Amino acid sequence: MSIDRLVRRAAQEIKSGQIINLGIGLPTMLIEYLPNDMEVLIHSENGVLGAWKKAPRELAEPQLIDAGGNYITMRAGGSIFDSAVSFALIRRSKLDISIMGAFEVDEKGNLANWKIPGRFSPGIGGAMELAQKTKKVIVLCTHNDKSGQSKILKQCTLPLTAKHCVSRIITDKAVMDITDEGLLLKEMAQDITLQELIACTEANLIIPDTIGRF
Amino acid sequence: MSIDRLVRRAAQEIKSGQIINLGIGLPTMLIEYLPNDMEVLIHSENGVLGAWKKAPRELAEPQLIDAGGNYITMRAGGSIFDSAVSFALIRRSKLDISIMGAFEVDEKGNLANWKIPGRFSPGIGGAMELAQKTKKVIVLCTHNDKSGQSKILKQCTLPLTAKHCVSRIITDKAVMDITDEGLLLKEMAQDITLQELIACTEANLIIPDTIGRF
Amino acid sequence: MNKQQTIEESIAKIPHGAVIMVGGFGSPGTPFSLINELIRQGQKNLTLIKNDANEKAIGISKLIENGQVDKLITTHIGLNKGVVEMMNSGQMQVMFFPQGILAEKIRIAGAGSFGFLSDIGIDSEITDPSQLIEWQGKTLKIESALNADFALIHAQKADLYGNLIYRASAMNFNPLMAMAANHVIAETPNIVPVGDLVPESIHTPSAFVASVVALQSLTKEYEVMERRFEY
Amino acid sequence: MNKQQTIEESIAKIPHGAVIMVGGFGSPGTPFSLINELIRQGQKNLTLIKNDANEKAIGISKLIENGQVDKLITTHIGLNKGVVEMMNSGQMQVMFFPQGILAEKIRIAGAGSFGFLSDIGIDSEITDPSQLIEWQGKTLKIESALNADFALIHAQKADLYGNLIYRASAMNFNPLMAMAANHVIAETPNIVPVGDLVPESIHTPSAFVASVVALQSLTKEYEVMERRFEY
């Protein structure tokens, strides 16, 4: 599946009136897919509420970036605050949705996205507080890593970002919800069969009678 | 001694370049005695740095008071902040001088100015943090209470605002410094004799060879 | 994201027994109109958190005089003899904190934390030994965060999203309480269009505010108090 | 109360081994000129506290590459492979905190408190059991305040007293660090006369600032980074 279709699907999670945080990488890209008249407030950890689409080169403001370092524009009605207020907003659960990347995510909604011991440890950033405190955490990632291993696991093996925090997982192959019963398949990519999906997913999937396509 | 002369004496404690907090009552009055071109920043607990003389009735701004409720003016270069920042400034010892009232103050620099059990307990206000954290605390009060009892004691009897916090005491009868050796008399009012002063002071006074007059 | 409501519907959200933070230090920043509506609607058994008790016959003093308040958490009520008498006679419970400790308890709740370590008044009568801990070689006092169900806020300006700007000494506890309460109601005499406020000059970001009430006019309570000029 | 100093005399106050907070989240708000002067003067064995390590060859990355930094306290250095390698090879010690915890540790130091009680990451590998306490029925983690000897701050505007205003996402950690460090040095391209700043719009009151450095011009480091448009 194309990145374009994946990000477009993820963008559908966002509803008018919400306050959203988008992680570095794929999640941030989905802003570009939101209608210009949609009333949402996008929060960036570096102290911006009302972050909007990337600034074109000629309009880039050197003092206005998002947490990933992209030069951005701001929506009317936005506000600027210091990093303590920015995380006060997170810890007070004022975010409706955080969409984050993952190295691993499991059937219980456990998330690992900050450290691969011995190989990758650039720091925690805002991930821990976002994962632990956002009302609804959605993981957006590729279904399998570069060597084909499933990122969707029965149980995470890497150091956790937060336990039991993820509600929904959106990958290039499927949309899945974490439920009390287990990982419920909601939608499948158009270019995959159910057998192929099960084969490339380490976690157990609950297969409902009707499965959407995207 | 007249209130006018007492407050005028206290105003001499303030030097150009300082940041000052003035308690309700006598201390606040001394602003009116400062030269208009003196570069000082007066802090008021309710979130004002750069508080200045009382506003005349016709210029009073309903939203701008000091911590005692007086309508005030502000100096150029002043700033406004919330109550948490206001006390951050106090607790970080950014105040050079606090001038406060007292019910009792003793030879050790202990101060009692917030509570008289069973008789007066309107709350602590900002007194405890000001007394504990200001670089130099000066007490400005009448030497004796309405029944003639000395406010300057060997040892305070009321609940303390803070221990060992006072550097100097200025009353209508004397100026005294708290030193390691005890309470050192620095100046006496013009209208009192040394014997009279000793008689109306419960604390022991160290009497130096030369005593100023004010 | 338009949060404008009538004063009636905004205050009707408050139930009996609610814990309510009220902005203001003295009169400036006190949301007199929201308080007056709370008096009109008559919610009872309230706990109020405010720096002071206002002065006789205005602001929360009216709420207290009206018997709607069971408990007041505050720093100093010296300008209100009536409330001091009610406290002394046991008609209302009053809990005092040092002013900066009250501010910081609210600030720390607004930051989503649960308490902070302080050295203020640890050897005074306001400290119970059970609050003391040894931490990194120091004896310190744990001060708990102070949350509330509601906050009543007065802002100089607001937009329809609920971004707030305060004026002069009317700022005081307002921005702190606007972060610490679960449901924040802000009154303002100046509603401006979304986009009119300078983002860096906004004191309370809209995310913290649930409802914005536009005041058509300001009552006499907001004006300069003549009695303060009777020196 | 005029706190204007030359960049040379302001940075000369910093001794070898100092603990220095540096504002900025990425490039915005990073005091590049003060950092370049610190490189020129060559103070060594520094401990830096900054959200990130900037990117290769600018800001504190230059200080680190120049061997002046023993320890970095930060949240995320993913945009700087060189510094990650120095960490991995043991050339420099790096201590990580969650971003909001780092911000709040600095905020709580700036408030003159000593620590705060948090529920962030208490069941994760970043928490040592010795930091946990039971308080009012909850298991919480004590996060210590983080002070510093110096803070290097970039402000959009400043007056001669040291009142500071920040712009857009250049605010970030700057106002927090300006309260938490003992000696605060602020650079700005816009010095304005005392009285020009609106009191309610001042982000850092002058009382916290020791020295103000007027920048005559801004180096290329302050401009839009072309490499960020190479998608």
Side-chain angles (χ1 to χ4, degrees), chain A residues 24-25 29 44-48 51 54-72 74 78-91 112 114-115 117-133 158-164, chain D residues 24-29 51-53 55 74-81 83-84 87-88 94 96-108 110 118-126 154 156 166-176 203 218 221-226 228-229 231:
Chain A
I24 296 175
M29 287 172 62
S44 190
E45 298 95 292
N46 55 334
V48 182
K54 282 184 187 167
R57 170 68 190 85
E58 65 277 13
L59 293 178
E61 153 64 61
Q63 308 264 44
L64 184 56
I65 63 170
D66 66 14
N70 305 294
Y71 293 101
I72 57 170
M74 269 185 79
S79 50
I80 293 287
F81 33 78
D82 67 47
S83 295
V85 171
S86 189
F87 279 83
L89 192 156
I90 294 170
R91 288 192 300 261
W114 74 280
K115 186 176 185 179
R119 211 150 61 81
F120 181 84
S121 54
I124 307 159
M128 208 169 264
E129 287 152 298
L130 285 163
Q132 193 175 328
K133 292 295 184 178
L158 295 171
L160 293 183
T161 308
K163 289 183 180 166
H164 311 302
Chain D
F25 187 122
S27 288
N51 176 70
D52 54 85
E55 297 180 48
T74 186
T75 73
H76 200 281
I77 56 174
L79 290 176
N80 195 322
K81 280 183 195 171
V83 172
V84 170
M87 169 180 76
N88 289 340
V94 178
F96 291 114
F97 292 108
Q99 195 170 109
I101 296 299
L102 182 67
E104 193 66 13
K105 280 172 169 288
I106 297 169
R107 161 64 183 67
I108 208 83
S118 163
D119 67 347
I120 299 298
I122 57 174
D123 54 4
S124 79
E125 69 161 47
I126 66 164
H154 179 83
Q156 174 72 6
Y166 309 98
R167 175 166 161 70
S169 75
M171 184 180 294
N172 57 67
F173 283 76
N174 277 302
L176 308 173
H203 297 121
L218 294 179
E221 296 161 298
Y222 294 93
E223 295 174 10
V224 167
M225 291 173 70
E226 292 300 334
R228 293 226 147 257
F229 286 90
Y231 298 129

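Quick caveat: nothing in here was measured; it's all calculated off a predicted structure. Chain A is the first sequence line, chain B the second, and so forth, proteins listed ahead of strands; every chain is numbered from 1.
Inter-residue side-chain proximity for D:H76 and A:W114 is flagged as unmet; no heavy-atom pair is nearer than 4.5 Å. Side-chain atoms of A:S121 and D:M87, non-hydrogen and from C-beta on, do get closer than 4.5 Å to each other. For the pair D:P98/A:I124, a side-chain contact is recorded, criterion being any heavy-atom separation below 4.5 Å from C-beta on.
Proximity to chain A is absent for every atom of D:I106, based on heavy atoms less than 4.5 angstrom apart. Using a 4.5 Å cut-off between heavy atoms, D:H154 contacts chain A through its side chain alone, with no backbone atom that close. With a threshold of 4.5 angstrom between heavy atoms, D:F97 approaches chain A through N, CA, C or O but not through any side-chain atom. Contacts between D:E55 and chain A at a heavy-atom distance below 4.5 Å are absent for every atom of the residue. Contact annotation for A:A60: both backbone and side-chain heavy atoms come within less than 4.5 Å of a heavy atom of chain D. The part of D:Y222 that comes within reach of chain A is its backbone (N, CA, C, O), which places non-hydrogen atoms under 4.5 angstrom from that chain. With a threshold of 4.5 angstrom between heavy atoms, D:E125 approaches chain A through side-chain atoms but not through N, CA, C or O.
Here the closest non-hydrogen pair linking D:P28 and A:P62 is CG-O, 3.4 Å. Nearest approach of A:N46 to D:S169, heavy atoms of both residues: ND2-CB, 3.6 Å. Heavy atoms only, all atoms of each residue included: D:E104 and A:A84 are closest at OE1-CB, 3.9 Å. Closest of all the heavy-atom pairs between D:I101 and A:R91 is N-NH1, 4.1 Å.
A distance of 7.5 Å separates CD1 in A:I90 from CD in D:Q99, rounded to the nearest 0.5 Å. Considering CZ of D:F96 and CE of A:M128, their distance stands at 12.0 Å, rounded to 0.5 Å. One finds the OG atom of A:S44 at 6.5 Å from the CZ atom of D:F25 (value rounded to the nearest 0.5 Å).
Heavy-atom pairs under 4.5 Å with chain D were tallied for A:G69, A:G126, A:P159; the largest tally goes to A:G69. Your options are D:N51, D:I126, D:N174, D:T74, and the one with the most heavy-atom pairs under 4.5 Å with chain A is D:I126. With chain A as partner, the option from D:D123, D:V84, D:N80 having the largest number of non-hydrogen pairs under 4.5 angstrom is D:D123.
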| said: Could you walk me through whether A:L160 and D:S124 satisfy the side-chain contact (heavy atoms from CB on, under 4.5 Å) test, starting with their C-alpha distance in whole Å, then the side-chain angles of each, then the deciding distance to 0.1 Å, before giving a yes or no? | reply: CA-CA 7 Å; A:L160 293 183; D:S124 79; 5.9 Å; no
| said: Checking A:F87 against D:I120 for the side-chain contact (heavy atoms from CB on, under 4.5 Å) test, could you report, in this order, the C-alpha distance in whole Å, the side-chain angles of both residues, the deciding distance, and whether it holds? | reply: CA-CA 11 Å; A:F87 279 83; D:I120 299 298; over 6 Å; no
| query | Should D:L176 and A:S83 be marked as a side-chain contact (heavy atoms from CB on, under 4.5 Å) after you check the CA-CA gap, both sets of side-chain angles, and the distance that decides it? | reply | CA-CA 8 Å; D:L176 308 173; A:S83 295; 4.2 Å; yes
| task | Start with the C-alpha gap between A:D82 and D:R107, add the side-chain angles, then the distance that decides, and say whether side-chain contact (heavy atoms from CB on, under 4.5 Å) holds. | result | CA-CA 10 Å; A:D82 67 47; D:R107 161 64 183 67; over 6 Å; no
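Here the side chain of A:Q63 pairs no donor or acceptor atom with the backbone of D:R167 at under 3.5 angstrom. Listed for the A:Q132 side chain is a donor-acceptor partner under 3.5 Å among the backbone atoms of D:D119.
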